[in-house]
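Model, not experiment: these values are computed from the prediction.
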Amino acid sequence: MSETIASEPAGSAHVDDQPRPGRWLALAVLVLAVLLVGVDATVLGLATPFLSEDLRPSGTQLLWIGDIYSFVIAGLLVSMGSLGDRIGRKKLLLIGSVGFGAMSVLAAYATTPEMMIAARALQGVAGATLMPATLALIRNLFHDPRERSLAIGIWGAMASAGMAVGPVLGGFLLGHFWWGSVFLINLPVMALLVAVGARVIPESRNPDPGPWDIPSVLLALVGIVAVVYAIKEAAVEGYRWDIALAAVIGVLALFVFVRRQLTLASPLLNMKLFSHRGFSGAVLADLLTILGLSGLVFFLSQFLQMVQLRSPLNAGLTELPAAIGAVAAGLAAGWVARRLSVRIVVAGGLAVVGLSLVGCTTLHADTGTAALCLILFVVGVGAGFSFTVTADVILSSVPKEEAGAASAVSETAYELGAALGIALLGSIVTSIYRGFTTPLGVPGPTADAARESLGGAFEAARHLPADQAAALVKAAQDSFVAGVDVAAGVGAAVLLAAVGAAWFLLRGQELANSPAPPAPELATAGREPGRDSGSAAGGPAPRP
């Protein structure tokens with residue numbers, strides 16, 4: 001991949017390498033968006049029982065309310081990252097923020113299931129603009145690699161904090177207000193982001209982006225949504241012909257998407273990025289890490305609330321040590337990676353997470369709070385080190401003008417890893433759970449309903465005598481825990497496999513210690529002031 005470096009007099013300072021004034025204030029505004037996306041990703045789960053009472057969705061509609069947001073985000077991340085590179089990342093971030101706030105109001109005051117599904121889908125469209133834009137703007141705000149590593153650590157810390165704060169905040173709001181309040185908390189944050197961000201965030205874009213290829217956008221959307229849908233549905237419903245058809249359509253669309261990118265003069269996603277071993281290794285490490293962790297994340301809330309019978313607020317507080325560990329590790333990750341190496345920190349972090357999941361194979365109903373908090377704290381530390389350094393590697397491996405598309409690849413890997421993990425580990429938990437023996441005397445239809453899910457067992461037990469109901473719930477809980485223990489073991493195996501992949505693919509990868517020096521002798525035509533060049537300040541260019 002060629003790079004364009006501006007013409008400058010010998011001995012002059014490279015204008016793009018000068019620290020941007022106000023960059024830390026701009027970062028403070030950017031992480032508001034990240035915090036909000038993290039909160040929104042977790043808070044809906046707590047509100048679902050309450051909105052179900054008001055809107056009375058069917059089972060299928062309830063699944064779509066929960067899934068449509070992540071489907072749309074996954075399908076549009078790459079396209080929105082590339083769009084930001086073209087029209088301006090700040091502009092796209094502000095437009096997306098306004099849209100996210102507006103759709104939050106629509107979701108809060110939804111009066112029908114269809115209205116809620118539409119609001120969540122449009123929230124997904126807006127949400128797809130936020131994460132790639134924030135990370136790409138960090139790439140362009142911080143040219144000094146050490147500062148950028150710290151900024152990425154703060155970015156990752158706020159994402160982790162948002163995921164942890166969501167259940168705590170949601171539990172508080174649902175205890176005092178109606179379910180729509182979990183959406184309205186977005187409004188003051190978005191208003192602050194737009195008002196302050198418009199003034200302090202500098203614009204950045206690719207100065208020569210080429211057209212935004214609509215067929216590529218549609219292929220990416222259809223391909224990723226169809227694949228993620230097929231994976232999630234297979235985890236719940238098994239392998240039906242319509243699910244297999246969705247998977248085939250998705251894979252075919254993604255194949256055509258890749259072929260098209262290789263032929264376009266200005267592709268939506270430059271496939272040559274994957275020829276950089278560090279970039280590919282970091283993306284693969286992220287995908288495998290989320291795949292292995294997603295089962296724990298997905299089933300932990302159910303374990304805490306329906307096996308250990310904690311309140312939503314208590315469950316959220318129990319999960320908080322994971323965020324504390326991730327925040328602490330994220331802030332230190334760049335410093336540690338420069339003193340050791342990228343692959344030691346990433347592989348070591350993944351090993352820590354994998355070994356922590358081994359500890360989760362012994363979970364049971366009586367597992368104490370202290371033990372849970374310790375395991376989750378260690379998981380957070382390992383994940384914080386790994387994710388922060390891989391994000392730094394991904395951004396440092398690409399020219400600044402492609403930062404949005406590269407950031408979107410990282411986020412897409414996260415979404416696909418989550419879908420694959422929930423499908424793989426979810427099918428394990430479900431198959432083991434459904435094998436439990438119901439107490440004598442429980443009617444067949446009631447037993448079948450109890451085997452559908454742990455929540456279904458609690459619902460079925462309401463119609464039984466007290467002793468029989470207690471026995472049914474206990475059998476269901478024990479079977480669920482057995483499934484979670486096995487899934488944790490499989491997740492640990494995936495994480496330990498990711499250790500090997502990271503150790504091999506990130507060999508020789510290092511974080512830069514200072515901005516790249518100017519190279520006027522390689523100059524070509526000048527560029528417009530204040531816009532991105534192809535300068536590699538802060539990181540190596542992808543290999544051709």
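Taking OG1 of T289 as the start and CG of L495 as the end, the distance is 5.5 Å to the nearest 0.5 Å. Atom-to-atom distance recorded for E147:CD and L150:CG is 8.0 Å, nearest 0.5 angstrom.
Taking the side chain as every heavy atom from C-beta outward, C373 and T369 approach each other to under 4.5 Å. Contact of the W335 side chain with the L340 side chain is not registered, since no non-hydrogen atoms from C-beta on lie closer than 4.5 Å. A 4.5 Å side-chain heavy-atom check between I375 and C360 finds at least one atom pair inside the cut-off. Counting heavy atoms from C-beta outward, L137 and L93 have side chains that approach closer than 4.5 Å. Side-chain contact between Q308 and L372 is present, with at least one heavy-atom pair separated by less than 4.5 Å.
Among all heavy-atom pairs drawn from L288 and A501, the shortest one is CD1-CB, 4.5 Å. Listed here is the closest heavy atom pair of S97 and L130: OG-CD2, 3.7 Å. Shortest non-hydrogen contact noted between A337 and V389 is CB-CG2, 4.1 Å. Across all their heavy atoms, L76 and A128 have their closest contact at CB-CB, 3.8 Å. Of all non-hydrogen atoms in L350 and A502, the two that sit nearest each other are CD1-CB, 4.1 Å. The two atoms that bring F100 and Y69 nearest to each other are CE1-OH, 3.7 Å, heavy atoms only.
In this model, no donor atom of one side chain and acceptor atom of the other lie less than 3.5 Å apart for D485 and T361.
Distance alone, capped at 3.5 Å, is enough to place a donor-acceptor pair between the T263 side chain and the R260 backbone. Checking side-chain atoms of T367 against main-chain N and O of L363 turns up no donor-acceptor pair under 3.5 Å. Judged purely by atom type and a 3.5 angstrom limit, T388 has no side-chain atom pairing as donor or acceptor with the backbone of F385. Within the 3.5 Å criterion, the main-chain N or O of I432 finds a donor-acceptor partner in the side chain of S479. For W503 (side chain) and G348 (main-chain N/O), no donor-acceptor pair under 3.5 Å exists by modelled atom type. A donor-acceptor pair is defined here as one N or O able to donate and one able to accept, closer than 3.5 Å; no such pair exists between the side chain of Q477 and the backbone of F303.
A cation-pi contact, defined as under 6.0 Å to the ring centre and within 45° of the axis, links R507 to F504.
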